[in-house]
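To start, the structure under review is shown below, and the notes come after it.
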Amino acid sequence: MRFPDDVPTLTTGVVTLRAHTAADIQPAYEVCQDAEMQRWTTIPVPYEWQHAEQYLTELVPAGWRAGNSWAWAIEYDGRYAGTIDLRPQDGNIGEVGFAVAPWARGNGVMTGALRLAVGYAFEQGWDRVVWRAYVGNWGSRRVAWKCGFRNLVAIPAGGVQRGVRRDEWVASVAREEALEPQGNWWRVPVIETDTVRLRALRSTDSKRVAEACADGRTQEWLAGLPNPYQLDDAEGFIDSRWENLASGEGVSWAIADPDTDDLLGCVSVFDLKNRIDATMGEIGYWAHPDARGRGVMSAAVRAVIGHAFTPVQEGGLGRRRLVLFAAEGNRASQRVAEVNGFTRTGRERAATPGREGVFRDQHTFDLLITDSRA
Ligand SMILES: CC(C)(COP(=O)(O)OP(=O)(O)OC[C@H]1O[C@@H](n2cnc3c(N)ncnc32)[C@H](O)[C@@H]1OP(=O)(O)O)[C@@H](O)C(=O)NCCC(=O)NCCS
């Protein structure tokens, strides 16, 4: 191909992909000073003017001429807003890479640009487009998810950045697949009640989470928790909530004091991708010791039930049936289920592990969307 004459211009009407020009050097250089750019891509650090100049005047044209890299400038709001590139590989497959200027983020620019580039790749005969990102790049993962990339896997040390191996996510989309999100990526809405505020967990909650989960009663009834439970465990739990949401597996809220915002406990709805029944969900919870005995969990669970039974199109979890389990002897937890209208459906024998190799019976509860108290 001749550069720039043969570079196709593609547009959604809002976002346009076009050949780079020398006028892009300055804004591209500026974009590459951004900390997020440096954190999540393989650009040189420090990033010098010469890097931008060489990339745009030598490497990009050479890529088009040789046919081994097709890089476009992304134009948005009348300005250069970033770069996206396709790198064909043998066998009608290839990879995509992208970055957008900080000022243009959060406007759907990359989602639009990625759909254009992927559509072009398929027109050129590709069977599959592969996306890769370092683990933790949630913005990039969400863009890929929005454009239909699927079957995501994490490969430990699968990527390399400036000579250092990093964990990597890989996902892809095939020619015959829709460029639409696969599965749910849940949000954590703030839910205010008279007595509690439900909100996303954040890193500043880690100390309270650790206190709550190291507590003797929590340890007794939730035998799956690490023991001893340390600050690291709490930080890991809070971090892992992102994956829980993005994979569609579940939603966890911090139950917070409406006045101080301090964490009082945690409530989750999980197993949302249950293979047999994807319309069910399980409710689980624990309270900080200093928040127990005053109705905090009953109120939190009531709020979560409302959200769980709200249709997905209205921002809820679209559940039809909720289940809840509480061990024999855990009266407080059974009470939370009862006051929220759950029906006691039975008792599973020796079903839940306790500490020191003991297995306790477990009381089972359920709540259907058709129940009058739901
Ligand atoms: C990742 C990046 C390309 C996103 O570009 P963008 O134009 O902001 O993307 P869009 O506006 O099309 O979509 C972003 C979506 O991700 C979400 N998002 C953005 N940052 C996020 C974050 N840190 N965590 C979770 N979601 C995030 C946005 O809310 C939006 O979703 P929504 O429209 O449903 O609300 C941009 O942040 C970037 O250039 N980062 C640095 C370079 C980089 O990481 N490149 C990819 C390397 S694999």
Side-chain angles (χ1 to χ4, degrees), residues 11-17 24 27-45 47 52 55 71-77 79-87 94-119 129-149 152-155 158-162 166-173 179-189 200-203 238-248 251 312-313 315:
T11 187
T12 63
V14 177
V15 175
T16 299
L17 306 190
D24 299 332
Y29 165 75
E30 284 166 17
V31 171
C32 292
Q33 305 308 313
D34 169 53
E36 290 290 295
M37 264 307 279
Q38 303 193 353
R39 183 171 178 204
W40 300 118
T41 72
T42 55
I43 60 168
V45 174
Y47 195 87
Y55 177 69
W72 287 269
I74 302 169
E75 182 104 9
Y76 171 68
D77 203 19
R79 295 164 66 186
Y80 167 87
T83 291
I84 185 162
D85 70 336
L86 291 171
R87 293 178 300 272
E95 290 187 12
V96 63
F98 48 77
V100 70
W103 63 265
R105 290 181 195 157
N107 295 300
V109 172
M110 198 45 82
T111 304
L114 184 57
R115 282 217 175 87
L116 289 172
V118 170
V129 182
V130 178
W131 159 91
R132 318 165 81 97
Y134 300 123
V135 168
N137 191 351
W138 293 104
S140 183
R141 176 158 162 185
R142 190 162 168 94
V143 170
W145 170 80
K146 291 183 93 160
C147 293
F149 285 76
L152 181 137
V153 289
I155 303 179
V160 60
Q161 183 187 43
R162 295 175 214 113
R166 287 186 66 174
D167 298 349
E168 193 175 57
W169 283 321
V170 182
S172 67
V173 64
L179 303 187
E180 295 300 329
Q182 300 299 302
N184 293 300
W185 182 315
W186 304 115
R187 298 286 201 178
V188 191
L201 282 148
R202 35 186 185 248
S203 54
I238 294 168
D239 266 1
S240 69
R241 297 307 85 193
W242 284 99
E243 181 63 39
N244 214 34
L245 295 169
S247 65
V251 185
V312 173
Q313 310 79 269

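Numbering of ligands and ligand atoms starts at 1, following listing order. Just so you know, residue 1 is the first one in the sequence shown, and it goes up from there.
- Nearest heavy atom pair, residue Arg166 against residue Arg39, reads NH1-O, 2.8 Å.
- Heavy atoms of Arg132 come nearer than 4.0 angstrom to ligand 1 in at least one pair.
- Numbered from 1 in the order shown, with element, the atoms of ligand 1 that lie under 4.0 Å from a heavy atom of Gly106 read 6 (P), 8 (O), 11 (O).
- Nearest heavy-atom pair across Cys32 and Gln38 is O-NE2, 2.9 Å.
- A tilted orientation is assigned to the rings of Tyr29 and Tyr47, their planes being inclined by 30° to 60°.
- Atom 44 (O) of ligand 1 has as its closest protein heavy atom Asn137 ND2, 2.8 Å.
- Counting all heavy atoms, side chain and backbone alike, Arg105 lies closest to Glu36 at NH1-CB, 3.6 Å.
- Residue contact check for ligand 1: Lys146 places a non-hydrogen atom closer than 4.0 Å to it.
- Ligand 1 has no N or O atom lying under 3.5 Å from any N or O atom of Ser140, backbone or side chain.
- Nearest approach of Val109 to Ala104, heavy atoms of both residues: CG2-O, 3.6 Å.
- Residue contacts with ligand 1, taken as heavy atom pairs separated by less than 4.0 Å, do not involve Asp34 at all.
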Q: Evaluate side-chain contact (heavy atoms from CB on, under 4.5 Å) for Met110 paired with Tyr76, printing each intermediate quantity in order.
A: CA-CA 10 Å; Met110 198 45 82; Tyr76 171 68; over 6 Å; no
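- Scanning the protein heavy atoms around atom 42 (C) of ligand 1, the nearest turns out to be Met37 SD, 3.7 Å.
- Of the polar atoms of Thr41, none of the N or O atoms is found under 3.5 Å from an N or O of ligand 1, judged by distance alone.
- Between Val100 and ligand 1, a contact under 3.5 Å exists for at least one N or O pair.
- Which parts of ligand 1 touch Ala133 is read off a 4.0 Å heavy-atom cut-off, strictly below it: atoms 48 (S).
- At under 3.5 Å, a nitrogen or oxygen of Thr111, whether backbone or side chain, sits near a nitrogen or oxygen of ligand 1.
- Counting the atoms of ligand 1 from 1 in the order shown, those under 4.0 Å from a heavy atom of Asn107 are 11 (O).
- Among protein heavy atoms, the minimum distance from atom 29 (O) of ligand 1 is reached at Arg187 NH2, 4.3 Å.
- The closest non-hydrogen atom to atom 11 (O) of ligand 1, taken over Gly159, Gly108, Pro102, comes from Gly108.
- Closest of all the heavy-atom pairs between Met37 and Ala99 is SD-CB, 3.3 Å.
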Q | Ile74/Leu17 under side-chain contact (heavy atoms from CB on, under 4.5 Å): CA gap, chis, key distance, verdict | A | CA-CA 5 Å; Ile74 302 169; Leu17 306 190; 3.8 Å; yes
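- Of the heavy atoms in Gln38, none comes closer than 4.0 Å to ligand 1.
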Q: Please lay out, stage by stage, how Phe98 and Ser140 fare under the test side-chain contact (heavy atoms from CB on, under 4.5 Å).
A: CA-CA 9 Å; Phe98 48 77; Ser140 183; 3.5 Å; yes
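- Note: an N/O pair closer than 3.5 Å links Phe98 and ligand 1 by distance alone.
- For atom 21 (C) of ligand 1, the closest non-hydrogen atom of the protein is Gly139 CA, 3.4 Å.
- In terms of protein heavy-atom proximity, atom 25 (C) of ligand 1 is closest to Trp138 CB, 3.6 Å.
- Residue contact check for ligand 1: Arg115 places no non-hydrogen atom closer than 4.0 Å to it.
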Q: Quick one: do Val31 and Tyr80 satisfy side-chain contact (heavy atoms from CB on, under 4.5 Å)? Show the steps, please.
A: CA-CA 10 Å; Val31 171; Tyr80 167 87; 4.3 Å; yes
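- Relative to the ring axis of Trp103, Arg79 places its NZ or CZ within 45° and under 6.0 Å from the centre.
- The protein non-hydrogen atom at the shortest distance from atom 14 (C) of ligand 1 is Val143 CG2, 3.8 Å.
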Q. Are Trp138 and Trp169 close enough, and set up right, to give a ring pair (Phe, Tyr, Trp, His ring centres under 6.0 Å), and what steps lead you there?
A. CA-CA 10 Å; Trp138 293 104; Trp169 283 321; 4.8 Å; yes
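- Checking Arg142, Arg105, Arg39, Met110 against atom 41 (C) of ligand 1, the nearest heavy atom belongs to Arg105.
- Between Ala99 and ligand 1, a contact under 3.5 Å exists for no N or O pair.
- Counting all heavy atoms, side chain and backbone alike, Arg162 lies closest to Thr41 at NH2-O, 3.1 Å.
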